[in-house]
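Some notes on the structure that comes next.
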Amino acid sequence: MSTVLLVNGPNLNLLGVREPAIYGRDTLQDVEDLVRSTAGELGLSVDAVQSNHEGVLVDAIHAARDTCSAIVINPGAFSHTSVAIRDALAGVDLPVAEVHVTNIHRREPFRHHSYVSGIAELVVVGAGVRGYELALRGLADIISAR
Ligand code: DHK
């Protein structure tokens with residue numbers, strides 16, 4: 001069975017309570033439950049990690065090289081700042097789906113650029129937490145086509 005690594009970056013541990021008018025009321029646990037139930041339907045398993053620390057995320061991405069077939073990642077604010085996370089994702093050579101709960105292109109200009117988008121197979125923005133499910137379904141198609 002193929003495993004997908006679900007990665008959530010800084011502040012996403014506060015989903016559901018943090019700025020709910022922007023990010024909604026669904027929690028990180030809701031996201032993980034949604035991804036795991038979708039994965040079950042698709043015949044995939046899920047490893048999940050959330051961290052507020054860039055190096056922890058880089059290490060988790062490196063570890064996925066030996067254990068996972070694809071990565072769903074919401075890098076949070078590191079999307080807009082982290083060459084290290086982009087390089088880690090490029091380095092493990094797994095298909096990547098980037099997710100943003102909000103439509104970053106309708107928000108402040110500093111959120112419009114993501115370092116990750118250039119190496120992602122697909123990017124889902126503005127679909128709320130359902131974006132994680134859409135990303136996983138897209139990756140499942142890519143995995144099964146390989
Ligand atoms: C989440 C964050 O934490 C922000 O830093 C990004 C993203 C947007 C989201 O929409 O999921 O700018």
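Atoms within a ligand are numbered from 1 in the order they appear, just like the ligands themselves. What you see below is based on every heavy atom in this structure, not just the backbone, and it leaves out hydrogens, waters and symmetry mates.
Between E98 and R86 no salt bridge is recorded (no basic side-chain N to carboxylate O distance below 4.0 Å).
N11 does not count as a contact of ligand 1, since none of its heavy atoms falls under 4.0 Å from the ligand. Residue Y23 places a heavy atom under 4.0 Å from ligand 1.
Among R107, E98, R111, the residue whose heavy atom sits closest to atom 4 (C) of ligand 1 is R111.
Taking the six-membered ring for Trp, H112 and F110 have ring centres at least 6.0 Å apart.
Annotation for L34 and R130: closest pair CD2-CA, 4.2 Å, computed over non-hydrogen atoms.
In R18, the part holding a heavy atom less than 4.0 Å from any atom of ligand 1 is the side chain. Only the side chain of N74 comes within contact range of ligand 1, with a heavy atom under 4.0 Å; no backbone atom does.
Interface of H80 with ligand 1, defined as ligand atoms under 4.0 Å from a residue heavy atom, comprises 6 (C), 12 (O).
Taken together through direct or relayed side-chain contacts under 4.5 Å among Ile, Leu, Val, Met, Phe, Trp and Tyr, L15 and L6 form part of one hydrophobic cluster.
The aromatic rings of H100 and H80 sit parallel to each other, their planes meeting at less than 30°, with 60° as the upper class boundary.
The single protein non-hydrogen atom nearest to atom 10 (O) of ligand 1 is T102 OG1, 2.6 Å, given as residue, atom name and distance. Nearest protein neighbour of atom 7 (C) of ligand 1, counting heavy atoms only, is H100 ND1, 3.7 Å. Looking from atom 9 (C) of ligand 1 to the surrounding protein, the closest heavy atom is V101 N, 3.4 Å.
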Subject >> Stepwise salt bridge (charged side-chain N to carboxylate O under 4.0 Å, His left out) test for E41 and R36 >> reply: CA-CA 9 Å; E41 180 194 317; R36 286 187 197 283; over 6 Å; no
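Residue-to-ligand polar distances place A77 within reach of ligand 1: an N/O pair is separated by less than 3.5 Å.
With hydrogens and angles left out, the side-chain atoms of T102 and R107 include a donor and acceptor closer than 3.5 Å.
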